[in-house]
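This report refers to the structure that appears directly beneath it.
Note that ligands are numbered from 1 as they come in the structure, with each ligand's atoms numbered from 1 the same way.
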Amino acid sequence: MTQTHITEVKTNTEHEQVLRLEDPASGLRAYLAIHSTALGPALGGIRIRTYRSDEEALSDALRLSRAMTYKTALAELRAGGGKTVILEHAGQSRAAAFEALGDAIESLGGRYFSGPDVGVTGADLAAARRRTRFVADETSPELGNIAEHTAIGIWHGMRACIEFAGLRRARVAIQGVGEVGRRLALILKNEGAELAIADVDFARASHVAEECGARVSAPDEVLFADCDVVAPCALGGVINSKTIPRLGARIVCGSANNVLGDVADANELHRRGILYAPDYLVNAGGVIRGSDFYLLGLRDSAASVSRIYDRTKRVLGLARERNCSPLRIADSQAEERWRGAQRTAVS
Ligand code: NAI
C-alpha cells in the first residue's frame, strides 16, 4: 500500500467530490473528479499529460468529468461521470504512480470506475489494476474492443443523420483513421459509402485507404472535402468559427471528443443548415459497452449500442421542431436525466 496523500479539493462547481492525489514515493500527482453519481457509479478514464500548472490539470478534470455525466446520462446508463488526470513530469516512476492511483481508486469502493484515456497505455492500466478492481481491463476478450463499439455507435448515429437528411447513399470524409476512424472506415466500406480519409500518419492513411478502397485526402483539407458527411475522428476543437464557413458537408458526425471549438459553433452549424450529431451522443458506444460489461455483466452490447440510432433521430427531430441546435436538445435531455436523479436522491 502506498502512502498517497488524498486531499479533498473545495470547488465552487457542482461536482460531488474532487480529490487531489499526491504520492511522493512514485511522483504521482493527480486530480480525481467525481461529477455525479446520481444515476450510478461515476465512469471516466484516466488521462496523463504534461500540464503547465495544477490549476490547468484541475480544470481539465472538472470539465472532462462533467462531460462524462452528460454522456452517460444521455446514453441512459445507470452510471454517472468522473475523470482522473495525472500530471506527467520527469522523475515520476510510471508503474508505481499508477499503482498508487489504483490504491486511491480502490479506496472509493466502486463509486468511481475507470479506464483508459489520452496518454494511457495497457501497461499503465495493468499497474493500476494490481491495486484495484475498479479499472477496466481492455485486454479482456469478453469485454471486446472498446474502439470497435465506439465506431459501431458512430455508424448508428451517422445513418440516423443520413436518413434524416433524406440521403440514400453518402460520401463520407474521415479525419483520423486511428483506432476508431479505421474501424468506422471499414464499416462504411461494407455499407457501400464512398470514402475519403486522411491521417497525419501517411503510412497509416495509405494502409487504411487500401483496406477500404478510399481516396486519401490531405490532413488539412479533409474537413473541407466535397462530401455529404464529415467525420472528425482525431482531435477536438476542429469544427470552429474558422472551419465552419469552409465545410463542404451537410452533416458533421464523428468520434472526436469536444469537436466544437465553442458551444456557440453548434448554433452556427444550425444556422447554416448543417446537421451536427453531438459528439457525446454518437461516440458513447465504448462507454455503453463498459457499463454493460462491468456494471450489468452483459455479454453483448449490440442492442444497447444500436440505440444511438433512435436517440440521434429523436435529438435531430426535436431540434428541427424547436428550431435550435441538436446540441441544445442533447444537453437539455442529459441535464433533465441526471439532475432529475439527483433531486430524487436528495428528497
Ligand atoms: P487514435 O489516437 O487511435 O487515432 C487518432 C488518429 O488521428 C491517429 O491515427 C492520428 O495520427 C490521427 N491524427 C491526429 N491529428 C490529425 C490531424 N490533424 N489530421 C488527421 N489525422 C490526425 O484515437 P482514437 O481512439 O481513434 O480516438 C479518436 C477520437 O475519438 C479522439 O478524439 C478520442 O477522444 C475520441 N473517442 C475515442 C473513443 C475510443 O473508444 N477510442 C471513445 C470516444 C471518443
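Across every non-hydrogen atom of Gln92 and Ile48, the tightest pair is OE1-CD1, 4.0 Å. The minimum heavy-atom distance between Trp338 and Tyr70, with the atom names listed, is NE1-CE1, 3.5 Å. Nearest heavy-atom pair, Arg289 versus Ser301, reported as atom, atom and distance to 0.1 Å: NH1-OG, 2.8 Å.
Between Phe113 and Tyr294, the ring-plane angle classifies as tilted under the 30° and 60° cut-offs.
Listed by number with element, the atoms of ligand 1 under 4.0 Å from a non-hydrogen atom of Gly178 are 3 (O), 4 (O), 6 (C), 9 (O), 26 (O). Of all the atoms in ligand 1, the ones that sit under 4.0 Å from a non-hydrogen atom of Ala256 are 29 (C), 30 (O), 32 (O). When each atom of ligand 1 is checked for a heavy atom of Gln175 under 4.0 Å away, the hits are 19 (N), 20 (C). When each atom of ligand 1 is checked for a heavy atom of Arg204 under 4.0 Å away, the hits are 9 (O). Near Pro219, the atoms of ligand 1 lying under 4.0 angstrom from a non-hydrogen atom of the residue are 19 (N).
No more than 12 heavy-atom neighbours from other residues, nucleotides or ligands sit within 6.0 angstrom of CZ on Arg320. Taking a 6.0 Å sphere around CZ of Arg272, one finds it holds more than 12 heavy atoms contributed by other residues, nucleotides or ligands.
Members clustered with Val118: none, using a 4.5 Å side-chain heavy-atom cutoff among hydrophobic residues.
When hydrogens are left out, the protein atom nearest atom 28 (C) of ligand 1 is Cys233 O, 3.2 Å; that is the closest non-hydrogen contact. When hydrogens are left out, the protein atom nearest atom 10 (C) of ligand 1 is Asp199 OD1, 3.4 Å; that is the closest non-hydrogen contact. Nearest protein heavy-atom neighbour of atom 40 (O) of ligand 1: Thr150 OG1, 2.7 Å. The shortest contact between atom 25 (O) of ligand 1 and any protein heavy atom is with Glu179 CB, 3.7 Å. At the top of the distance list for atom 33 (C) of ligand 1, counting protein heavy atoms only, stands Asn257 ND2, 4.1 Å.
Remark: Arg94 fails to qualify as a cation-pi partner of Phe98 under the 6.0 Å distance and 45° angle criteria applied to the six-membered ring.
The shortest N or O to N or O distance between Val180 and ligand 1 is under 3.5 Å. Backbone and side-chain nitrogen or oxygen atoms of Ala234 are examined, and one is located within less than 3.5 angstrom of a nitrogen or oxygen of ligand 1.
Under a 4.0 Å heavy-atom criterion, Gly236 is not in contact with ligand 1. At least one heavy atom of Ser255 sits less than 4.0 Å from an atom of ligand 1.
Atom 20 (C) of ligand 1 has its nearest heavy-atom neighbour, among Asn145, Val282, Val222, Val200, in Val200.
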- Message: Could you walk me through whether Arg20 and Ile6 satisfy the side-chain contact (heavy atoms from CB on, under 4.5 Å) test, starting with their C-alpha distance in whole Å, then the side-chain angles of each, then the deciding distance to 0.1 Å, before giving a yes or no?
- Response: CA-CA 6 Å; Arg20 184 175 194 283; Ile6 303 182; over 6 Å; no
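For the atom pair SG of Cys253 and OH of Tyr276, the computed distance is 9.5 Å after rounding to the nearest 0.5 Å.
If you check the side chains of Asp54 and Tyr31, you find a donor sitting under 3.5 Å from an acceptor.
Under 4.0 angstrom from ligand 1, the non-hydrogen atoms of Leu235 all belong to its side chain. Within the 4.0 Å heavy-atom criterion, neither part of His149 lies near ligand 1. Under 4.0 Å from ligand 1, heavy atoms of Asn283 appear from its side chain as well as its backbone.
Contact annotation for atom 2 (O) of ligand 1: protein absent (non-hydrogen atoms, distance under 4.0 Å). For atom 23 (O) of ligand 1, the nearest protein heavy atom lies 4.0 Å or farther away.
Side-chain contact between Val172 and Val230: absent, with no pair of heavy atoms (C-beta onward) separated by less than 4.5 Å.
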